[in-house]
Trainee: 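The structure under discussion is supplied below as C-alpha cells; questions concerning it will follow.
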Amino acid sequence: MNFSTTYPSPIGKILIEASETGIRKVTFVDDSWPDSEHPEELLNCIDQLDEYFSGSRVSFDLNVDLSTLPPFHQEVLRLVKTIPYGKTRSYEQIACFLGNPKLARAVGQANGNNPIAIIIPCHRVLGKKGDLTGYAHGLSIKMKLLQLENPKNYLPQIKLFQEVSAG
C-alpha cells in the first residue's frame with residue numbers, strides 16, 4: 001500500500017510518498033497540487049522536514065524505499081545519503097569512490113533521477129570545479145538548499161555584489 005501527502009516547505013510545496021517499507025518519493029510540485037491529509041506513516045517525515053528547514057536537523061532518520069530503482073542508482077544514492085550536512089561532493093568524487101572516475105556521467109544520471117530529494121541530498125553534489133550543475137527541481141531550489149545548510153559558502157549573489165561595492 002502506498003501513501004502520499006503534501007508538505008508546504010518554505011521553498012515550495014513538496015509531495016511525499018511512502019510505501020510500507022519507507023519513504024519512496026520527496027519531490028517539489030506545482031502549488032496547484034491538491035492538499036491531502038497527513039497519514040500516520042508520513043508524520044515522521046513531515047516532522048523531520050520541519051526540523052531541517054528550521055535548522056535544527058542535520059540528518060534524517062527515515063527508512064527509504066529505493067526498490068524501484070536500478071541497482072547502480074541505489075548504490076549511488078546510498079553514497080549521496082552519506083554526504084554530511086553543509087558539505088558537497090562532486091560527481092567525479094563519487095565515481096572514484098565507486099572505483100571508476102569515468103562513471104561520473106552515470107553518477108550524474110543516477111543523482112538526477114533521485115526520487116527522494118532532501119532526504120537523499122542530491123543537492124549536495126556539484127560539478128568537478130564546484131559549479132552548480134543540473135538539479136531536477138531547478139538550480140534556484142538547489143541554491144536555496146545549499147544556502148540553508150551552509151550560508152557562509154552559498155551567499156545569494158546579490159549579497160556578494162553588495163559586499164564588493166561596499167568594500
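Just the heavy atoms: all of them, side chains too, but no hydrogens, waters or symmetry mates, feed the values below.
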Trainee: If I take atom OG from residue S140 and atom CD from residue Q147, how far apart are they, to the nearest 0.5 angstrom?
Mentor: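 It is 10.0 Å, given to the nearest 0.5 Å.
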
Trainee: Can you list the steps and then say if I116 with L62 is a side chain to side chain contact (heavy atoms under 4.5 Å, CB included)?
Mentor: CA-CA 11 Å; I116 308 174; L62 297 165; over 6 Å; no

Trainee: Are Y91 and L103 close enough, and set up right, to give a side chain to side chain contact (heavy atoms under 4.5 Å, CB included), and what steps lead you there?
Mentor: CA-CA 8 Å; Y91 299 102; L103 291 175; over 6 Å; no

Trainee: Just wondering, do R89 and P84 contact through their side chains at under 4.5 Å, heavy atoms?
Mentor: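 P84 vs R89: side chains touch.
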
Trainee: Going through the checks in order, is the side chain to side chain contact (heavy atoms under 4.5 Å, CB included) test met by L98 and F72?
Mentor: CA-CA 10 Å; L98 291 169; F72 179 76; 3.9 Å; yes

Trainee: Once you round to the nearest 0.5 Å, how far does CG of L126 lie from OG1 of T133?
Mentor: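 Interatomic distance, L126 CG to T133 OG1, rounded to 0.5 Å: 6.5 Å.
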
Trainee: Taking all atoms of both residues into account, what is the closest heavy-atom pair of A117 and H137, and its distance?
Mentor: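 Nearest pair, atom of A117 first, then H137: CB-NE2, 3.8 Å.
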
Trainee: Nearest heavy-atom pair of S19 and D65: which atoms, and what distance?
Mentor: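 Closest pair (atom of S19, atom of D65, distance): OG-OD2, 2.6 Å.
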
Trainee: Any side-chain heavy atom of Y52 sitting closer than 4.5 Å to one from I119?
Mentor: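 Sidechains of I119 and Y52: no contact.
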
Trainee: Side-chain contact test, heavy atoms from C-beta onward, threshold under 4.5 Å: evaluate it for F28 versus I11 and give yes or no.
Mentor: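 Yes, their side chains come closer than 4.5 Å.
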
Trainee: Just verifying a value: how many Å separate I14 CD1 and T5 OG1, rounded to the nearest 0.5 Å?
Mentor: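 If I round to the nearest 0.5 Å, the distance is 11.5 Å.
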
Trainee: Please identify each residue that fulfils side-chain contact (heavy atoms from CB on, under 4.5 Å) with L139, with sequence neighbours left out.
Mentor: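 By the side-chain contact (heavy atoms from CB on, under 4.5 Å) rule, L139 matches L132, Y135, K142.
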
Trainee: Using only atom types and a distance under 3.5 Å, with no angle test, would you say the side chain of Q48 pairs donor to acceptor with the backbone of R57?
Mentor: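 Absent.
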
Trainee: Which residues satisfy the ring pair (Phe, Tyr, Trp, His ring centres under 6.0 Å) test with H73, sequence neighbours excluded?
Mentor: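 H73: no ring pair (Phe, Tyr, Trp, His ring centres under 6.0 Å) contacts found.
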
Trainee: Taking all non-hydrogen atoms of both residues into account, name the closest pair between C45 and I23 and its distance.
Mentor: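 Residues C45 and I23, closest heavy atoms: CB-CD1, 3.8 Å.
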
Trainee: Would you call N150 and Y85 a side-chain contact if the rule is heavy atoms closer than 4.5 Å?
Mentor: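 They are not in contact (no side-chain heavy atoms under 4.5 Å apart), so the answer is no.
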
Trainee: So, taking the atom named OG in S9 and the one named CD1 in I141, what distance separates them when rounded to the nearest 0.5 Å?
Mentor: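 S9 atom OG to I141 atom CD1 measures 7.5 Å (nearest 0.5 Å).
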
Trainee: Just wondering, do F60 and I118 contact through their side chains at under 4.5 Å, heavy atoms?
Mentor: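 The answer is yes, as the side chains (C-beta and beyond) meet within the 4.5 Å cut-off.
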
Trainee: Are side-chain N/O atoms of N113 and Q109 paired as donor and acceptor at under 3.5 Å?
Mentor: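 There is no such pair (donor and acceptor under 3.5 Å, judged by atom type) between the side chains of N113 and Q109.
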
Trainee: For the OG1 atom of T82 and the CZ atom of R124, what is their distance to the nearest 0.5 Å?
Mentor: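 So the gap between those two atoms works out to 9.5 Å.
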
Trainee: Would you say the side chain of T21 lies within less than 4.5 Å of the side chain of N63, judging by non-hydrogen atoms?
Mentor: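 Not touching, per the 4.5 Å side-chain cut-off.
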
Trainee: Per the side-chain contact (heavy atoms from CB on, under 4.5 Å) rule, which among V76, I83, L79 passes with V125?
Mentor: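 For V125, the side-chain contact (heavy atoms from CB on, under 4.5 Å) test succeeds with only one of V76, I83, L79, which is I83.
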
Trainee: Indicate the atoms forming the closest heavy-atom contact of A104 with A95, along with that distance.
Mentor: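 Looking at all heavy atoms of both residues, the closest pair is N-CB, 3.5 Å.
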
Trainee: Surrounding CZ of F97 (heavy atoms of other residues, nucleotides or ligands, distance under 6.0 Å), is the total greater than 12?
Mentor: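 Not more than 12 within 6.0 Å, no.
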
Trainee: With heavy-atom distances below 4.5 Å as the criterion, would you say the side chains of P121 and L145 are in contact?
Mentor: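 Counting from C-beta outward, P121 and L145 never come under 4.5 Å.
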
Trainee: Output all residues satisfying salt bridge (charged side-chain N to carboxylate O under 4.0 Å, His left out) with R105, sequence neighbours left out; order by chain, then residue number.
Mentor: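 So R105 forms no salt bridge (charged side-chain N to carboxylate O under 4.0 Å, His left out) with any residue.
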
Trainee: Show the nearest heavy-atom pair for residues E17 and L15, with the distance to one decimal.
Mentor: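 Heavy atoms of E17 and L15 come nearest at OE2-CD2, 3.5 Å.
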
Trainee: Once you round to the nearest 0.5 Å, how far does CD1 of I120 lie from CG of N114?
Mentor: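 If I round to the nearest 0.5 Å, the distance is 5.0 Å.
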
Trainee: For residues S54 and E51, report the shortest heavy-atom separation together with the two atoms involved.
Mentor: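 Taking S54 first and E51 second, the nearest heavy atoms are OG-O, 3.0 Å.
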
